[in-house]
Amino acid sequence: MPCVGIRRTSIDRLEQDVEALLDLIGYRPVKEKILLKPNLVAAAPPENGDDTHPRVTEAVARYFRHRGRKVVLAEGNGIFESDEAFERLLEAAGYLYLRDRLGIPFINLEQAERTDVPWKYGSIALPKMLEEYEYINLPTLKTHLQTGVTLGVKNQKGLLPMKTRKFFHKKGLHACIHALSEAVEPALTLVDGLFCVEGTGPTGPPVGEVKRMDLLVAGTDMMAVDHVCTEIMGVDVEEVEHLEPVKDVQALGEKIADVRSPFKAPAHVIRMDPFTVYSDDKVCTMCSVPFYKALSKIFNTPGLHEQFGKRPELRQVSILMGPSDPPPDLGPCPICLGDCAAATARRKRIPHIAGCHPDYREIVNFFCPGAYPDVAP
Ligand code: SF4
């Protein structure tokens with residue numbers, strides 16, 4: 001019978017709570033080398049809920065170090081393709097301290113050596129270091145626009161290179177994420193439930209909302225951990241396509257009923273005046289992130305914001321991404337983003353910003369011509 005531990009915590013006693021929780025579920029590390037895989041998706045402060053809180057990652061790293069283990073952090077740079085951009089992500093998310101002050105090496109999984117492992121669709125290239133290291137999955141407790149929730153099973157997508165992540169969206173996102181859980185499983189999944197995201201995750205404001213839970217949830221059966229987390233979030237696990245219900249899970253520590261607090265569900269159409277964003281599970285995060293990055297640039301740069309405000313035709317803008325058919329009423333100013341939306345753009349004669357994924361600077365240039373004069377349209 002799989003067991004899952006639940007513990008209330010707070011930011012100032014994470015180390016003792018991590019230790020107590022891992023004792024509660026009877027976890028003991030086996031290997032000498034430990035790979036911690038947090039969930040790092042946005043260059044935002046820890047209180048925004050986007051990323052695994054660096055203090056949780058630090059507490060887990062210290063747990064292993066106190067037991068004489070060698071610890072590394074590993075994550076793919078995903079949308080943060082350049083070294084400088086990834087460095088900014090680590091800095092904003094509070095991770096430079098772990099690397100530069102505590103001396104925990106950071107491995108960029110996009111560049112990791114890989115080995116082919118059989119899975120449902122043939123073979124999949126996983127980081128070779130998973131053979132040697134004890135793999136610890138450190139997701140966060142969040143809702144997700146495309147997958148309902150993002151927990152341990154979904155966090156494993158970050159083990160993959162960008163091209164495989166895009167393949168998932170084309171092949172069938174939910175089935176691929178589930179199949180990945182059959183190909184690779186961590187020795188331990190520990191969920192950061194401090195600053196969680198509800199509503200339209202997986203990122204916090206301005207799109208999703210932060211929800212304080214002050215919880216840690218852990219177990220050695222990743223699917224069972226995710227099942228328990230869905231119950232805490234008030235989400236029916238049967239409705240999360242990439243998960244499966246796990247029978248007879250033994251919850252240890254806090255009772256699920258005592259910590260349960262229903263999360264607001266994600267919306268599939270995001271309205272952020274003057275934008276309406278249409279998205280579904282065929283759209284990669286790599287397509288939507290440049291759009292939100294462009295908006296952040298425009299609205300946080302006074303000159304660009306003013307330029308944007310002087311264009312009355314941009315008072316109602318519909319953003320279309322991915323290959324799915326657009327809704328019938330697109331309003332006066334629809335725009336297609338990304339190569340997958342090219343056919344829609346051609347068929348409906350809609351302006352198109354190409355790229356797989358699109359360059360956020362081209363999106364800024366579209367709304368504020370000349371903002372990046374060196375970037376070709
Ligand atoms: S265009 Fe966008 S949605 Fe399509 S594969 Fe590329 S990143 Fe994914």
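Note that the structure is predicted; figures quoted are calculated from it, not measured. Counting starts at 1 for both ligands and their atoms, in listed order.
Between Y292 and F275, the distance from one ring center to the other does not fall under 6.0 angstrom.
The protein heavy-atom contact nearest to atom 2 (Fe) of ligand 1 is C287 SG, 2.4 Å. Annotation: atom 6 (Fe) of ligand 1 to nearest protein heavy atom, C356 SG, 2.4 Å.
A side-chain N or O of S261 and one of K211 form a donor-acceptor pair less than 3.5 Å apart. Remark: the T57 side chain and the Y95 side chain contain an N/O donor-acceptor pair separated by less than 3.5 Å.
Heavy atoms of P323 stay at 4.0 angstrom or farther from ligand 1.
Ligand-side atoms of ligand 1 in range of G355: 1 (S), range being under 4.0 angstrom from any heavy atom. In summary, the atoms of ligand 1 found under 4.0 Å from a heavy atom of D339, numbered by their order in the structure, are 1 (S).
Taking 2.8 Å as the criterion, C340 counts as a coordinating residue of atom 4 (Fe) of ligand 1, since one of its N, O or S atoms falls below it. Note on C284: not counted as a metal contact of atom 2 (Fe) of ligand 1, no N/O/S atom lying under 2.8 Å.
With hydrogens and angles ignored, the 3.5 Å screen pairs no side-chain donor or acceptor of K33 with any backbone N or O of M129.
Considering only heavy atoms from C-beta on, V246 stays 4.5 Å or farther from V237 through its side chain. Residues H169 and V283 form no side-chain contact, since every pair of their non-hydrogen atoms from C-beta on lies 4.5 Å or further apart.
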